[in-house]
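Down below is the structure, laid out as structure tokens.
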Amino acid sequence: MPNQARPGTGEQAKQLALGQLRQAILRGDMAPAQRLVENELAEQFGVTRASIRAALIDLESQGLVERIRNRGSRVRVVTVEEAVAITECRLVLEGLCAAKAAAAVDDGQVARLKELGSAMRKAVADGEPLTYSDLNHELHARIREFSGQLTAVELLERLNAQLVRHRFQLALRPGRPQQSLNEHLAMIEAIEARDPQAAEAAVRAHLTSVIEALRD
């Protein structure tokens, strides 16, 4: 990147590096345990090593990067046990969001959830697990958004970011999308019925199933 196009140093450069590194990890472009070499990343993103180092510190606090003494940084490896523990926390928070959403949604928001449900049905029928995984992620995101529970949303964004690898692995497991489809449709139906208790129960049932799948 030419010098005049560089974002420079300081907060602007750190935020650029932070955003691009975070997205690369969330997309799976950077694999778990992959080393993150400051010199290489600084050249790649056109920022200073200091900006990269600051971004890595932020990513470590988000649970996406781990710093190993005398060896530098790498993409954090989330074990199955950790993934189960994170999902147990999600179960409580996402259940809360579903209940809040059921009590607050308008007709347009319900229509959006039903559109996602139809798209998920099609992805399963067409045998497109990665498309299904993306739709699954969006459905949960919309329910969180419609809940209006901003504290839970912030906590869940941090927790979910750590589960990217496990989410993709589950989506590719034979038979898993077919099983989870019905669980997601039950969530949508409960929210459409404006039934907070049923919506929370549906989310809890779904995430309990996720925990069982993680442990298999």
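Worth knowing before you read on, the calculation uses all heavy atoms, side chains too, and leaves out hydrogens, waters and symmetry mates. Just so you know, residue 1 is the first one in the sequence shown, and it goes up from there.
Placement of L96 and I143 in two distinct hydrophobic clusters is found when ILVMFWY residues are connected by side-chain heavy-atom separations under 4.5 Å, directly or transitively.
Counting Ile, Leu, Val, Met, Phe, Trp and Tyr side chains that sit under 4.5 Å apart, directly or through other members, L93 shares a hydrophobic cluster with V78, I86, L155, L156, L159, L163.
The pair R204-E200 meets the salt-bridge criterion, with a side-chain N (NZ, NE, NH1 or NH2) lying under 4.0 Å from an Asp/Glu carboxylate O. The residues E66 and R71 are annotated as not salt-bridged, no charged nitrogen and carboxylate oxygen being separated by less than 4.0 angstrom. Under 4.0 Å is where a charged nitrogen must lie from a carboxylate oxygen, and between R215 and E212 no such pair does. Remark: R22 does not engage D58 in a salt bridge, criterion side-chain N to carboxylate O under 4.0 Å.
Nearest heavy-atom pair, V203 versus A98, reported as atom, atom and distance to 0.1 Å: CG2-CB, 3.4 Å. Closest approach of A55 to L21, counting heavy atoms only: CB-CD1, 4.3 Å. The two residues A199 and A99 make their nearest non-hydrogen contact at CB-N, 4.4 Å. L56 and E38 make their closest contact through CD1-CG, 4.1 Å (heavy atoms, listed as atom of the first residue, atom of the second, distance). What you find for A190 and A102 is that their closest heavy atoms are O-CB, 4.4 Å. Summarising the geometry of S180 relative to H206, their closest heavy-atom pair is CB-CE1, 4.2 Å, with the distance given to 0.1 Å.
In this structure the side chain of Q44 reaches within 4.5 angstrom of the side chain of L41, judged on heavy atoms. Under the 4.5 Å side-chain criterion, counting only non-hydrogen atoms from C-beta, L185 is in contact with L181. Using a 4.5 Å cut-off on side-chain heavy atoms (C-beta onward), R167 and S133 make contact. Side-chain atoms of E138 and R112, non-hydrogen and from C-beta on, do get closer than 4.5 Å to each other.
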Report task. Give the intermediate values and the outcome of side-chain contact (heavy atoms from CB on, under 4.5 Å) for residues H140 and H184. Result -> CA-CA 9 Å; H140 283 271; H184 287 108; 3.1 Å; yes

Requested in this report: Report the C-alpha separation of R74 and Q34 in whole Å, then their side-chain angles, then the decisive distance to 0.1 Å, and conclude whether the side-chain hydrogen bond (donor to acceptor under 3.5 Å, both in side chains) test is met.
Outcome: CA-CA 5 Å; R74 70 176 188 176; Q34 179 175 329; over 6 Å; no

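Heavy-atom neighbours of R35 CZ from other residues, nucleotides or ligands within 6.0 Å: at or below the threshold of 12.
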Show me the side-chain donor-acceptor pairs of residues 169-179 shorter than 3.5 Å, one per line, residues at least two apart or across chains.
residue, atom, partner, partner atom, Å
R173, NH1, A213, O, 2.7
R173, NH2, A213, O, 3.2
R176, NH1, Q179, OE1, 3.4
R176, NH1, S209, OG, 2.9
R176, NH2, S209, OG, 3.4
Q179, NE2, S209, OG, 3.0

Can you give the donor-acceptor pairs under 3.5 Å from side chains of residues 116-129 to other protein atoms, not counting sequence neighbours?
residue, atom, partner, partner atom, Å
S118, OG, K114, O, 3.2
K122, NZ, D126, OD2, 2.6

